[in-house]
Amino acid sequence: MTHYDAPAIEKKWQRCWQDKECFTADQPDSSAPNHKPKYYVLEMFPYPSGRIHMGHVRNYTLGDVVARFRRAQGFNVLHPMGWDAFGLPAENAAMERGIHPGKWTVENIAAMRTQLQSMGLSYDWNRELATCTPDYYQHEQRMFLKFLDAGLAYRKESWVNWDPVENTVLANEQVVDGRGWRSGAPVERRLLSQWFLRITKYADHLLAAIDGLDRWPDRVRLMQHNWIGKSEGARISFHITDNPDQTDADTYAGRAIEVFTTRPDTLYGASFIAIAANHPLAREIATHDKGAADFAAECAQLGTSEAAVETADKKGYDTGLFVAHPVIDGATLPVHIANFVLMDYGTGAIFGCPAHDQRDLDFATAYGLPVLPVILPEDAPDTVDAGSFTITDTAYTGPGKLINSGEWDGLDVEAGKQAAFTTLASAGTGQAETTFRLRDWGVSRQRYWGCPIPIIHCDSCGAVPVPDDQLPVQLPEDVDFTQPGNPLANHPSWKHTNCPTCGKAAMREQDTFDTFFESSWYFLRYCDPKHKNGFSAEAAQYWMPVDQYIGGVEHAVLHLLYSRFFTRALSEVGYLDLAEPFAGLMTQGMVCHQTFQDKDGKWLFPTDVERDGDNWVTRSDNASVTAGRIEKMSKSKRNVVDPELIIGTYGADTARLFMLSDSPPERDMEWTESGVEGASRFLKKIWRLAADDTIAPPDAVMPDTADSAAQDLVKTVHKTILAITKDIEDFRFNRAVAQLHTLSNAISTLAPDIAGSAEARRFAIENLAMLIAPLTPHIAEEMWHMLGHDTMLANTDWPTADPAVAADDEVEIGVQVNGKLRATITLPRDCPNEDAEAKALASDAVSRYLEGKSPKRVIVVPNRIINVVA
RNA sequence: GCGGCUGUGGCGGAAUGGUAGACGCGGCGGAUUCAAAAUCCGCUCCUGGUGACAGGGUGGGGGUUCAAGUCCCUUCAGCCGUACCA
């Protein structure tokens with residue numbers, strides 16, 4: 001008996017699959033109708049960082065199981081792979097190591113492709129794409145120009161993080177505590193003119209269509225729902241008053257500040273107006289008010305990330321201006337500039353009602369503003385009324401009746417809102433309005449390594465699209481990363497061109513697209529990867545939507561929402577006719593590993609340490625090591641395991657099996673050495689089963705005289721087929737693996753010398769090979785081969801089970817007395833409830849607990865449980 | 001801050017509202033071996049008991065139900081996202 005030689009087996013079958021083109025997807029052909037139903041499996045394509053990591057191994061193993069399973073079930077499967085090849089890391093490599101981003105990227109792709117191929121993934125490599133090639137990105141230049149024609153793209157000013165030392169725009173992740181990550185200089189907010197895609201046009205559609213995404217995880221649907229953030233409220237105008245104490249007031253008197261609120265019912269409780277630091281009025285005031293200017297500068301240091309803005313201490317600046325209360329005659333409210341008001345949401349201005357909004361209350365407390373309750377809580381004691389109800393340090397946001405609110409008194413919150421709409425509308429100072437949290441998608445990036453935006457700026461003609469015959473606009477190769485700023489803007493000649501309209505000297509747009517642009521349509525390119533227009537409507541119509549999309553939950557909102565929008569936008573401009581790109585979605589958890597630190601707190605690689613009894617020590621010099629928390633694998637904490645090392649040591653099948661074994665796919669998992677060993681041990685075990693020469697030859701038939709134990713094994717096989725089929729359909733791969741363990745235990749414990757054993761074991765091992773094939777395809781093919789087949793499992797149908805054989809005749813069920821388990825009894829399956837009840841009551845344990853009394857009630861759940869209520 | 005998720009033996013996890021802990025890891029005991037590795041068999045939630053068995057148990061607190069890991073309320077801890085990382 002030869003031993004299980006994973007590297008040799010894996011290489012052999014990978015070559016076989018390739019030679020026989022097992023995984024080439026059939027393009028639909030109208031002259032030869034394809035009777036197989038299509039199935040599109042897609043994993044989120046990787047950024048080519050240079051080496052695959054365990055997150056990739058997990059992601060692509062999950063996808064490969066689905067692809068192989070569906071192919072075995074008779075689907076025409078499309079399972080492609082490519083490279084999300086534009087992005088910041090390539091530019092960082094260029095700056096740090098002097099290597100060209102393109103060269104770096106191409107080398108990384110080559111290395112990672114080899115690594116992926118060693119995993120035995122069933123990709124149709126003919127469809128491979130890399131987004132950094134003009135062959136790919138030229139299509140998005142045309143898409144963008146069509147969006148522009150259709151009014152789906154436009155230009156406006158927006159804020160960026162500016163590093164004054166590096167002269168570059170920083171990504172949010174490059175801003176650490178308000179400073180540039182490389183320069184350490186405090187960042188400034190700067191306004192730049194940038195391109196936007198009008199995703200908000202589809203806000204309602206994108207929101208409503210979430211209901212139809214029934215094969216998406218609920219949490220992702222909820223996150224998208226909340227991200228779009230539809231809220232219905234009112235827009236209210238507050239007019240600035242004359243104020244004798246304020247010399248500037250005349251400049252502003254009579255002008256309106258537009259406020260959006262979801263709580264117009266609390267208008268009587270308003271005690272101030274707060275506007276964003278970058279609100280037009282605030283910026284105007286800052287031009288002549290040093291205090292306002294200083295405050296704006298302070299706010300600008302927070303950078304542009306929402307988390308930074310929202311977690312900052314609530315601060316404000318009193319402008320000295322007042323506005324008239326729109327409902328209370330003669331009342332005025334002070335106008336503050338506040339750091340917690342966002343210009344991007346609503347109108348960039350709010351009215352503060354401290355009694356019923358915690359943030360407003362914190363602000364009012366800090367700045368000595370009045371707190372007037374206008375909602376009396378539903379559950380307030382009778383002794384509390386409008387006069388005595390007070391708010392101290394907790395705002396009340398629940399339901400109740402309006403108080404201190406003039407003619408609205410006594411209404412509930414909902415009726416109060418309606419009353420407010422009526423009052424405001426008749427006074428002409430406000431109306432009902434719906435706003436969305438979702439903002440238009442800013443696609444301009446001040447970077448080199450991205451798709452050039454095909455626009456020419458002409459002093460006379462403005463922003464002019466690059467004519468079709470001049471597309472694609474290609475990136476220049478000769479760029480310099482040694483000087484600060486955007487290399488595309490620094491390039492001596494690339495940006496200079498002539499205006500396509502008037503012919504005068506003009507400048508190219510020097511920004512490139514956000515890399516989410518590429519990932520918003522790559523799934524369409526795969527449908528027809530050589531097509532001159534990016535893809536054909538026919539191919540897209542056939543393959544789309546993606547039946548099963550798999551990737552990290554970190555993309556739950558942005559990438560998925562942008563892709564949903566992009567598919568709609570492309571349909572609007574005539575590329576195809578489809579709204580939703582992803583019919584099914586599975587979001588995988590992270591791969592984690594224990595962390596290790598030496599006595600100086602330096603992070604250590606798992607390969608640097610070893611166990612010494614209950615402790616950990618360094619391999620090199622036995623120094624003691626602190627074993628820390630189990631965290632997401634990351635380079636910075638060095639708690640990484642290299643997939644190539646694992647595949648080299650144990651084989652791809654072992655790595656794949658361990659990925660699928662213990663944790664459910666959507667949950668975080670911990671990579672452990674012992675887990676890998678366990679997976680490896682299991683594969684060696686099933687290998688020995690297939691290599692056993694006491695099993696029957698192919699085509700052997702179970703003898704009529706077969707022992708009942710042999711028949712039980714056959715039954716177990718049928719049960720296992722049913723269970724694993726369901727488990728794979730439901731993405732419960734860890735359970736499928738457990739079923740495989742149970743089956744292999746049943747095979748190995750069946751005595752070899754009883755009647756029917758040899759035949760039953762052949763039947764079981766053949767099915768074991770077929771069932772494990774999607775998970776560990778190489779060893780499955782080899783076992784199939786060892787069992788005497790000259791076909792390939794890659795071309796073999798999924799096994800089917802006979803439910804009648806799988807069904808048990810008897811069931812063992814629990815008997816409870818008052819909800820506590822007291823006995824178990826065996827009953828014929830589906831026996832009448834009366835029989836079940838009689839047998840339960842007859843059991844010793846039950847009569848002991850009943851103490852001769854008759855039960856009050858007996859609940860019989862057929863084949864499940866019996867509960868006797870005493 | 002806001003939005004989302006997760007929490008079950010020593011560990012990863014299993015459990016259509018119906019016998020909590022399948023399966024694996026680790027551990028303990030045994031077989032095999034000159035010995036070891038590998039392999040095979042048995043035991044393994046906690047407490048008490050020789051045992052049959054009894055009691056407790058799904059982050060904490062409360063509730064609904066004949067029955068709650070599962071549903072509801074509340075609270076704590078950790079993780080993900082937060083619009084220029086991908």
Side-chain angles (χ1 to χ4, degrees), chain A residues 44-47 49 84 86-89 92 160-161 169-175 194 199 217-220 222-227 229 304-312 314 340 344 358-359 437-447 514-516 519 551-559 561-562 587 589-590 592 629 631-632 658 661-664 666-670 672-675 677-679 681-682 684-685 688 732 734-735 737-742 745 748-749 812-816 818-824 845 856-859 861 863-870:
Chain A
M44 291 181 184
F45 65 164
Y47 179 80
S49 55
D84 188 14
F86 275 138
L88 274 180
N92 291 332
V160 294
N161 300 307
V169 175
L170 298 178
N172 282 334
E173 84 160 358
Q174 297 175 321
V175 179
Q194 311 203 60
I199 188 172
D218 285 342
R219 61 180 162 155
V220 175
L222 239 189
M223 279 190 264
Q224 294 227 344
H225 185 277
N226 293 336
W227 185 265
T304 58
S305 89
E306 187 192 300
V309 172
E310 291 274 341
T311 53
K314 307 292 170 275
F340 61 86
D344 292 316
Q358 191 60 42
R359 219 165 39 174
R437 208 185 77 93
L438 180 69
R439 310 196 296 257
D440 276 337
W441 174 14
V443 294
S444 298
R445 296 291 181 272
Q446 296 70 40
R447 320 218 179 277
D514 177 7
T515 56
F516 276 125
S519 55
V553 72
E554 66 274 17
H555 292 294
V557 176
L558 289 180
H559 161 60
L561 193 61
Y562 289 148
T587 53
M590 297 179 303
C592 302
R629 294 164 24 125
E631 296 188 56
K632 175 185 180 173
F658 177 54
S661 290
D662 282 351
S663 305
E666 68 277 5
R667 283 254 278 272
D668 290 351
M669 65 169 288
E670 186 195 353
T672 60
E673 191 68 19
S674 56
E677 292 282 356
R681 202 176 303 145
F682 179 68
K684 286 177 189 155
K685 176 176 174 171
R688 284 195 302 272
R732 299 161 69 136
N734 55 323
R735 266 179 31 145
V737 172
Q739 299 285 350
L740 289 166
H741 278 283
T742 306
N745 288 341
S748 59
T749 52
E812 193 175 81
I813 73 169
V815 181
Q816 298 178 329
N818 290 333
K820 277 186 187 294
L821 183 74
R822 296 301 183 189
T824 56
K856 289 198 187 107
R857 196 177 155 193
V858 179
I859 292 135
V861 183
N863 304 323
R864 281 274 173 202
I865 203 161
I866 296 166
N867 191 8
V868 179
V869 184

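Here is how names work: the chains are called A, B, and so on, in the same order as the sequence lines, proteins then strands, and each is numbered from 1.
Annotation: rC45(B) and rA35(B) have their C1' atoms spaced 37 Å apart (nearest Å). Taking atom C1' in both rU32(B) and rG17(B), one finds a spacing of 49 Å when rounded to whole Å. rG27(B) and rU82(B): their P atoms are spaced 42 Å apart (whole Å). Comparing the same atom, P, in rC53(B) and in rU64(B) gives a spacing of 33 Å after rounding to whole Å. On the C1' atoms, rU50(B) is 33 Å away from rA14(B), given to the nearest whole Å. The gap from the C1' atom of rU65(B) to that of rG59(B) amounts to 24 Å, rounded to the nearest Å. With both ends at atom C1', the span from rU44(B) to rG24(B) equals 14 Å, rounded to whole Å. To the nearest whole angstrom, the two P atoms, one in rU70(B) and one in rG60(B), are 11 Å apart.
Here the C1' atom of nucleotide rU16(B) and the CG atom of Asn863(A) are 13 Å apart, to the nearest Å. Atom pair Lys820(A):NZ and rG55(B):P shows a separation of 6 Å (rounding to whole Å applied). Regarding Asp218(A), its CG atom lies at a distance of 10 Å from the P atom of rU6(B), rounded to whole Å. For the pair Asn745(A) CG and rG42(B) P, the interatomic distance rounds to 10 Å; values are reported in whole Å. If you measure from atom CD1 of Ile865(A) to atom P of rC66(B), you get 15 Å, rounded to the nearest angstrom. We find that CE of Met669(A) is positioned 16 Å from C1' of rC79(B), with the value rounded to whole Å. Atom-to-atom, CZ of Phe340(A) to P of rC2(B) comes out at 13 Å; the value is rounded to the nearest Å. Note: CE (Met590(A)) to C1' (rG4(B)) measures 14 Å, nearest angstrom.
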>> Pair Asn818(A), Lys856(A) - check side-chain hydrogen bond (donor to acceptor under 3.5 Å, both in side chains), show working.
In response: CA-CA 10 Å; Asn818(A) 290 333; Lys856(A) 289 198 187 107; over 6 Å; no

Determine, step by step, whether Arg437(A) and Glu306(A) satisfy the salt bridge (Lys or Arg N to Asp or Glu O under 4.0 Å) criterion, reporting the C-alpha distance in whole Å, the side-chain angles of both residues, the deciding distance to 0.1 Å, and the verdict.
CA-CA 12 Å; Arg437(A) 208 185 77 93; Glu306(A) 187 192 300; 3.3 Å; yes

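Of all nucleotides listed (rA86(B), rC23(B), rC84(B)), rC84(B) comes nearest to the side chain of Tyr562(A). Here rU82(B) is the nucleotide among rU82(B), rU39(B), rU19(B) with the atom lying nearest to any side-chain atom of Leu558(A). Comparing rA83(B), rA86(B), rG78(B) against the side chain of Ser305(A) picks out rA83(B) as the nearest. If you check rC84(B), rC25(B), rU19(B) against the side chain of Arg681(A), the one that comes closest is rC25(B).
Each of His555(A) and Val868(A) was matched to the nucleotide of RNA chain B holding its nearest heavy atom; the match closer to the 5' end belongs to Val868(A). Taking for each of Phe516(A) and Val869(A) the nucleotide of RNA chain B with the nearest heavy atom, the 5'-most of the two is the partner of Val869(A).
Heavy atoms of Thr742(A) sit under 4.0 angstrom from primed sugar atoms or phosphate atoms, though from no base atom.
By the 30° and 60° cut-offs, the orientation of the rings of His555(A) relative to Phe516(A) is perpendicular.
Between Tyr47(A) and Thr515(A), the closest side-chain pair of non-hydrogen atoms is not below 4.5 Å. Residues Asp662(A) and Thr672(A) form no side-chain contact, since every pair of their non-hydrogen atoms from C-beta on lies 4.5 Å or further apart.
Glycosidic conformation of rG12(B): anti, with the torsion beyond 90° of 0.
For rC84(B), its base sits under 3.5 Å from the side chain of Gln194(A) at one donor and acceptor pair at least. Not a single donor-acceptor contact under 3.5 angstrom links the side-chain atoms of Arg735(A) to the base of rC23(B). Looking at Arg822(A), its side chain has no donor and acceptor atom pair within 3.5 Å of the base of rU19(B). For rC84(B), the base has a donor-acceptor partner in the side chain of Gln446(A) [N/O atoms by modelled type, under 3.5 angstrom].
Asn734(A) places no side-chain N or O within 3.5 Å of a backbone atom of Ser661(A) that could act as its donor or acceptor partner.
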